[in-house]
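In what follows, every chain begins at residue 1, and chains take the letters A, B, ... in the order their sequences are listed.
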2 protein chains.
Amino acid sequence: MLQLTKRTEYGLLALVHLADREGAVASVREICERYPLPKRTVAEVLKDLQHAGLVDSTRGSSGGYTLARAPEQVTLGDVVRALEGAPPLTTCESPIVLKGGGCEVQPMCPIKSPIQRVRERLWQMLEHTTLRSLVSSGPHVSLGAPGAVESN
Amino acid sequence: MLQLTKRTEYGLLALVHLADREGAVASVREICERYPLPKRTVAEVLKDLQHAGLVDSTRGSSGGYTLARAPEQVTLGDVVRALEGAPPLTTCESPIVLKGGGCEVQPMCPIKSPIQRVRERLWQMLEHTTLRSLVSSGPHVSLGAPGAVESN
DNA sequence: TCCAAAGCGCACCCAAAAGGTGCTAATTGC
DNA sequence: GCAATTAGCACCTTTTGGGTGCGCTTTGGA
């Protein structure tokens with residue numbers, strides 16, 4: 001579908017929040033009080049980001065998450081890779097199909113290389129867009145009243 | 001998932017085939033004899049491309065499809081738009097959510113503009129990649145034995 | 001010492017999207 | 001008339017994405 005998933009969206013919002021907190025721990029509850037997001041799903045996402053090494057977690061009653069790196073060293077590509085994997089643009093690039101030495105419609109597949117070029121440039125863009133640029137760009141409004149989802 | 005659908009992939013292959021035929025009509029059967037693709041689905045896709053004005057169709061026993069424009073005037077963007085629509089990268093750009101005048105997590109959504117920039121640049125790439133560049137790039141192998149799906 | 005608040009892990013469910021098929025026209029050349 | 005083709009539904013199946021149930025572990029503070 002050529003679009004980012006909600007998980008990625010949630011992850012980016014969470015990371016932006018962490019960046020704003022500048023090293024202080026932030027809990028899932030806190031993030032979901034700022035943005036009207038489903039608590040549990042955000043927790044899942046944060047857990048995945050932790051596994052990917054993008055955030056550190058501390059457990060316990062005053063626990064939460066912190067950025068594992070500086071905002072300028074986290075890219076959109078990192079986040080997408082952590083939460084969606086780095087999928088091929090078309091199936092003819094997938095490892096499963098490629099294992100035979102070429103794509104399914106090979107050796108007569110003419111669209112592969114330009115498609116790959118587009119894909120590579122897309123990933124270049126993702127890799128060059130840092131969390132810092134997300135943080136510093138928005139209208140950056142102060143904390144507001146949250147919505148409510150689930151128990152939240 | 002940040003990848004093109006199979007429908008788009010099929011559409012591109014079909015269009016490349018039509019471009020190779022240089023004006024001569026090509027039937028779905030012919031396309032599926034060249035590439036091992038499901039006949040019916042390719043037919044669906046071609047129909048959609050016809051509705052989008054990218055191909056012309058002629059019915060009847062010797063009918064089929066032809067390109068409606070020159071290969072250099074058909075872009076990846078055209079094809080994706082015809083077969084997938086032009087979806088937003090994140091839900092906070094979708095018209096449904098925006099109808100209230102801003103995205104769901106507004107006015108405190110900080111990730112919107114950089115994401116939109118990435119999206120716009122992606123579409124620029126898609127709009128600048130023409131069918132011609134797909135045709136002229138591949139190793140351009142001669143027609144080979146097809147696989148088989150369904151009746152095909 | 002206990003309890004509440006937080007993260008951890010697994011499994012599961014629901015809904016939407018994507019891919020594909022059945023069937024029946026309508027058209028057209030032979 | 002017949003065969004080959006596109007046209008237009010409607011429907012099914014699989015996959016993916018989003019979300020939840022439930023119980024466990026960790027930790028700070030009353």
Side-chain atoms of B/Arg29 come closest, of C/dG19, C/dA4, D/dT5, to D/dT5
Among the nucleotides D/dG18, C/dG29, C/dA18, which one has an atom lying closest to any side-chain atom of B/Thr5? C/dA18
Between A/Thr8 and A/Gly60, which is nearer to the 5' end of DNA chain D once each is assigned its nearest nucleotide? A/Thr8
Roughly, in whole Å, what's the span from [atom1] in [X] to [atom2] in [N]?
X	N	atom1	atom2	result
A/Glu84	D/dT15	CD	C1'	15 Å
B/Gln3	D/dT15	CD	P	14 Å
A/Ile31	C/dG7	CD1	C1'	12 Å
A/Leu49	C/dG7	CG	C1'	14 Å
B/Leu37	C/dG20	CG	C1'	13 Å
A/Asp48	D/dG18	CG	C1'	13 Å
B/Arg7	D/dT15	CZ	P	19 Å
B/Asp56	D/dT5	CG	C1'	16 Å

Indicate for each nucleotide in nucleotides 8-13 of chain C, in 5' to 3' sequence, whether protein heavy atoms under 4.0 Å reach the base (B), only the sugar-phosphate (S), or nothing (-). SBB---
As an exercise, state the distance from CD1 of A/Ile31 to CG of A/Leu13, rounded to the nearest 0.5 Å. 9.5 Å
Which pairs would a plain distance check flag for residues 47-54 of chain B, meaning a side-chain donor or acceptor within less than 3.5 Å of a matching protein atom at least two apart in sequence or in another chain?
| from | atom 1 | to | atom 2 | distance (Å) |
| --- | --- | --- | --- | --- |
| B/Lys47 | NZ | B/Glu44 | OE2 | 3.4 |
| B/Asp48 | OD2 | B/Arg7 | NH2 | 2.4 |

Looking at B/Arg29 and B/Glu33, is any side-chain nitrogen of the basic one under 4.0 Å from a carboxylate oxygen of the acidic one? yes
Distance-only criterion, 3.5 Å: show the donor-acceptor pairs between side-chain atoms of residues 55-67 of chain B and protein atoms not counting sequence neighbours.
| from | atom 1 | to | atom 2 | distance (Å) |
| --- | --- | --- | --- | --- |
| B/Thr58 | OG1 | B/Gly64 | N | 3.3 |

Under 3.5 Å donor-acceptor pairs involving side-chain atoms of residues 69-77 of chain B, not counting sequence neighbours:
| from | atom 1 | to | atom 2 | distance (Å) |
| --- | --- | --- | --- | --- |
| B/Arg69 | NH1 | B/Gln73 | O | 2.9 |
| B/Arg69 | NH1 | B/Asp78 | OD2 | 3.3 |
| B/Glu72 | OE1 | B/Arg132 | NE | 2.8 |
| B/Glu72 | OE1 | B/Arg132 | NH2 | 3.3 |
| B/Thr75 | OG1 | B/Gly77 | N | 3.3 |
| B/Thr75 | OG1 | B/Asp78 | N | 3.0 |
| B/Thr75 | OG1 | B/Asp78 | OD2 | 3.2 |
| B/Thr75 | OG1 | B/Glu127 | OE1 | 3.2 |

What is the nucleic acid contact for A/Gly63, judged by heavy atoms within less than 4.0 Å: base, sugar-phosphate only, or nothing? sugar-phosphate
If you pin A/Gly64 and B/Tyr10 to their nearest nucleotides in DNA chain C, which one's is more 5'? A/Gly64
A/Thr8: partners by side-chain contact (heavy atoms from CB on, under 4.5 Å), with sequence neighbours left out: A/Leu4, A/Thr5, A/Leu12, A/Val79, A/Val80, A/Leu83, A/Glu84
Listed by chain and number, what are the salt bridge (Lys or Arg N to Asp or Glu O under 4.0 Å) partners of A/Arg121, not counting sequence neighbours? none
